[in-house]
Amino acid sequence: MSGIKKIGLLTSGGDASGMNATIRAVTRYAKYKSLDVIGYYEGFKGLINNNSTVMDLNSVGGIIDRGGTFLYSARSEEFKTEDGMQKSIQNMKKDGVDALIIIGGDGSFRGAHDLHERGVKVVGIPATIDNDINGTDYSLGFDTALNVIISLISKIRDTASSHDRLFVIEVMGRNSGLIAINSGLACAADYILIPEVKVDLVRIANKIRNHREGKRHTLIVVAEGAAKASDVAASIKLLVGHEVKISVLGHIQRGGYPSALDRLLAAGFGKKAVDLLLDGKSDCMTAIQGNVIKSCTLEYAINNRKEVSKELYDLAHILSQ
Ligand code: F6P
């Protein structure tokens, strides 16, 4: 017996498509298990200010296909202080909340782990377009973001081919190259620059010079953690002597209705998070490994960098020769 009767739920950090579908899954599955649910607005900020709403079957109707998060999100500096954390714990006590489910990325999970260390039962659900959380093959929002990016780069390719142009396209990912590798491979980018592999622009420029014979476009995808598109473009222009266009995709990558994969993950993660709490677990997160929904400790998730696949990186360049 876990003794849990009421759970609190919040979304924190950068929003990711599929968060709403997950809020729905957690709420409806918790209700099915006869639990009460309250949602805190704006992540940890709502927990500190006790800004919450009672969640029921109706309040999560019609949101499965909406991007963003209807509980809103924020990056709270106050939560990182002892005072902020104690206020949160007091508010949970006042509301009779026995455990917390936090939908977010690694920053949010650091906060979740800190709460656990102060006696709060907490389970995380990984959600970030960066997909940089260790221990899970996928985080919510990554697949949707890839689909958005692929559709945008395909449009850039159309115009690049028409005008015989070289484009540098900057994608998000914070310190990780996972978005860049996966979108670059899926869009047949000619070069992919990621923070995990040393950037050698002279070598790339030499290749572009030979490569461009008979080619109507050159697409370079750069992860924001590797370099700025404007810097890469300036260097390539100088080295190759060819006009270079840039496109920084920006926050458009975070919006849009969730893909099939993100909706299915939302359902699986939502159920698993509630089950973990009912099984008496804490300080862990839901995960998908080899197509099976599992769990792993928050410590493993936040203290180890998620590796990018060198094999995938090499394959992308082999296939775009
Ligand atoms: O973590 C998700 C992410 O979109 C990163 O890829 C990006 O670096 C960052 O958030 C942008 O954060 P903000 O929306 O706060 O500018």
**Asked** Can you tell me if CG on Asp279 sees more than 12 non-hydrogen neighbours from other groups inside 6.0 Å?
**Response** yes
**Asked** Between the side chain of Asn175 and the main-chain N/O of Gly225, is any donor-acceptor distance below 3.5 Å?
**Response** no
**Prompt:** Would Ile204 end up clustered with Ile194 when hydrophobic side chains under 4.5 Å apart are linked, directly or stepwise?
**Reply:** no
**Validation row: Ile48, Ser76 side chains within 4.5 angstrom (heavy atoms)** = yes
**Message:** Is it true that Tyr40 and Asn91 share a donor-acceptor pair across their side chains at a distance under 3.5 Å?
**Reply:** no
**Prompt:** Tell me, do Pro126 and Phe109 make a side-chain contact under 4.5 Å, heavy atoms counted?
**Reply:** yes
**Message:** Using every non-hydrogen atom in the two residues, find where Ile192 and Ala189 come nearest and quote the distance to one decimal.
**Reply:** CG1-CB, 4.2 Å
**Message:** So, applying side chain to side chain contact (heavy atoms under 4.5 Å, CB included) with Leu193, which one of Val232, Val221, Asp200 is it?
**Reply:** Val232
**Message:** I need the minimum non-hydrogen distance between Pro258 and Gly18, along with the two atoms involved.
**Reply:** CB-N, 3.9 Å
**Request:** Quick one: pull up CG in Leu146 and CG in Leu261 and give me the separation to the nearest 0.5 Å.
**Result:** 9.5 Å
**Request:** Please tell me if the side chains of Arg165 and Glu243 come closer than 4.5 Å, counting only heavy atoms from C-beta onward.
**Result:** yes
**Request:** For residues 54-66, pull every pair meeting side-chain hydrogen bond (donor to acceptor under 3.5 Å, both in side chains), keeping only residues two or more places apart or in separate chains.
**Result:** Asp56-Ser59
**Message:** Is there a path of hydrophobic side-chain contacts, each under 4.5 Å between heavy atoms of I/L/V/M/F/W/Y residues, joining Leu185 to Ile220?
**Reply:** no
**Request:** Go through Ile101 and Ile125 one step at a time and tell me if the side-chain contact (heavy atoms from CB on, under 4.5 Å) criterion holds.
**Result:** CA-CA 7 Å; Ile101 292 180; Ile125 296 181; 3.8 Å; yes
**Asked** Where the side chain of Arg118 meets the backbone of Met85, is there a donor-acceptor pair that is under 3.5 Å apart?
**Response** no
**Message:** I'd like to know if the side chain of Lys6 reaches the main chain of Asp95, judged simply by a donor and an acceptor atom lying under 3.5 Å from each other, with no hydrogens or angles considered.
**Reply:** yes
**Request:** Evaluate side-chain contact (heavy atoms from CB on, under 4.5 Å) for Val123 paired with Cys284, printing each intermediate quantity in order.
**Result:** CA-CA 5 Å; Val123 167; Cys284 58; 4.0 Å; yes
**Request:** Decide yes or no for Ile7 and Val26: does some side-chain heavy atom of the first lie under 4.5 Å from some side-chain heavy atom of the second?
**Result:** yes
**Item:** Sidechain-backbone polar pair: Asp132 side chain, Ser176 backbone, donor-acceptor under 3.5 Å
**Value:** no
**Asked** Does Asp143 use its side chain to pair, donor to acceptor, with the backbone of Asp262 at less than 3.5 Å?
**Response** no
**Asked** Hey, any chance Ile156 and Leu166 share a hydrophobic cluster, counting ILVMFWY side chains that come within less than 4.5 Å of each other, even indirectly?
**Response** no
**Item:** pair Leu57-Val60: side-chain heavy atoms closer than 4.5 Å
**Value:** no
**Prompt:** At their closest point, which heavy atom of Gly256 faces which heavy atom of Ser17, and how far apart are they?
**Reply:** O-OG, 2.6 Å
**Prompt:** Are Val171 and Ile236 grouped together when hydrophobic residues (ILVMFWY) are joined by side-chain heavy atoms under 4.5 angstrom apart?
**Reply:** no
**Item:** Sequence-distant partners of Asp106, salt bridge (charged side-chain N to carboxylate O under 4.0 Å, His left out), two or more places apart
**Value:** Arg110
**Prompt:** Does a side-chain heavy-atom distance below 4.5 Å link Asp15 with Met19?
**Reply:** yes
**Message:** Taking the side chain as everything from C-beta on, heavy atoms only, tell me whether Asn291 gets closer than 4.5 Å to Ile288.
**Reply:** yes
**Prompt:** Heavy-atom distance under 4.5 Å between the side chains of Cys296 and Met285, does that happen here?
**Reply:** yes
**Request:** Please check if Met55 and Phe269 belong to a single hydrophobic cluster, counting links between Ile, Leu, Val, Met, Phe, Trp and Tyr side chain heavy atoms closer than 4.5 Å.
**Result:** yes
**Asked** Looking at Ser282 and Val122, what are the two nearest heavy atoms and their distance?
**Response** OG-N, 3.0 Å
**Request:** Consider only side-chain N and O atoms of Asn206 and Arg203, and report whether a donor and an acceptor are under 3.5 Å apart.
**Result:** no
**Asked** Parallel, tilted or perpendicular: which describes the rings of His113 and His116, with under 30° parallel and over 60° perpendicular?
**Response** parallel
**Request:** Measure the CD-CD1 distance between Glu170 and Ile246 for me, rounded to the nearest 0.5 Å.
**Result:** 8.0 Å
**Asked** What do the steps show when you test Met92 against Leu47 for side-chain contact (heavy atoms from CB on, under 4.5 Å), and what is the final call?
**Response** CA-CA 8 Å; Met92 282 179 67; Leu47 195 56; 3.8 Å; yes
**Ring centers of Tyr313, His317 separated by less than 6.0 Å** = yes
**Item:** Salt bridge flag under 4.0 Å for residues Lys121 and Asp98
**Value:** no
**Prompt:** Rounded to the nearest 0.5 Å, how far does CG of Leu10 lie from OH of Tyr72?
**Reply:** 15.0 Å
**Prompt:** Does the salt bridge (Lys or Arg N to Asp or Glu O under 4.0 Å) test come out yes or no for Asp190 and Lys207, once each step is laid out?
**Reply:** CA-CA 10 Å; Asp190 298 284; Lys207 285 179 98 176; over 6 Å; no
**Request:** Report yes or no: do Glu82 and Gln86 form a side-chain donor-acceptor pair below 3.5 Å?
**Result:** yes
**Message:** Could you go through Met172 and His251, starting from their C-alpha distance and side-chain angles, then the distance that decides it, and tell me whether this counts as side-chain contact (heavy atoms from CB on, under 4.5 Å)?
**Reply:** CA-CA 8 Å; Met172 281 187 167; His251 284 82; 3.7 Å; yes
**Message:** I'd like to know if Lys80 pairs up with Asp114 as an ion pair, taking the criterion as any Lys NZ or Arg NE/NH1/NH2 lying under 4.0 Å from an Asp or Glu carboxylate oxygen.
**Reply:** no
**Item:** Side-chain (Asn131) to main-chain (Phe142) donor-acceptor, under 3.5 angstrom
**Value:** no
**Prompt:** Are more than 12 heavy atoms from other residues, nucleotides or ligands located less than 6.0 Å from atom OH of Tyr257?
**Reply:** no
**Request:** Quick one: pull up CG in Leu71 and OH in Tyr41 and give me the separation to the nearest 0.5 Å.
**Result:** 6.5 Å
**Asked** Is Ile252 atom CD1 crowded by more than 12 heavy atoms from other residues, nucleotides or ligands, each under 6.0 Å away?
**Response** no
**Message:** Taking Gly173's backbone N and O only, do any of them form a donor-acceptor pair with Glu224's side chain (distance below 3.5 Å, no angle check)?
**Reply:** yes
**Message:** Check this for me, if you would: do Glu196 and Lys310 make a salt bridge, where the nitrogen-to-carboxylate-oxygen distance has to be below 4.0 angstrom?
**Reply:** no
**Request:** Might you point out which heavy atoms bring Lys306 and Leu178 nearest each other, and give the distance in Å?
**Result:** CD-CD1, 4.0 Å
**Item:** Reported CZ-to-CD distance for the pair Phe44 and Glu77, which is rounded to 0.5 angstrom
**Value:** 12.5 Å
**Distance-only side-chain donor-acceptor flag, Arg157 / His217, under 3.5 Å** = yes
**Asked** Is the side chain of Lys45 donor-acceptor paired with the backbone N or O of Ser73 at a distance under 3.5 Å, no angle test?
**Response** no
**Prompt:** Should we say atom CZ of Phe70 is surrounded by more than 12 heavy atoms from elsewhere, each under 6.0 Å from it?
**Reply:** yes
**Under 3.5 Å donor-acceptor, Arg216 side chain and Ser161 backbone** = yes
**Item:** Any residue meeting salt bridge (charged side-chain N to carboxylate O under 4.0 Å, His left out) with Glu307, in chain and number order, not counting sequence neighbours
**Value:** none
**Prompt:** Just how far is it from atom CG of Asn20 to atom OG1 of Thr69, taken to the nearest 0.5 Å?
**Reply:** 5.5 Å
**Asked** Does Ile89 offer a backbone N or O that forms a donor-acceptor pair with the side chain of Lys94 under 3.5 Å?
**Response** no
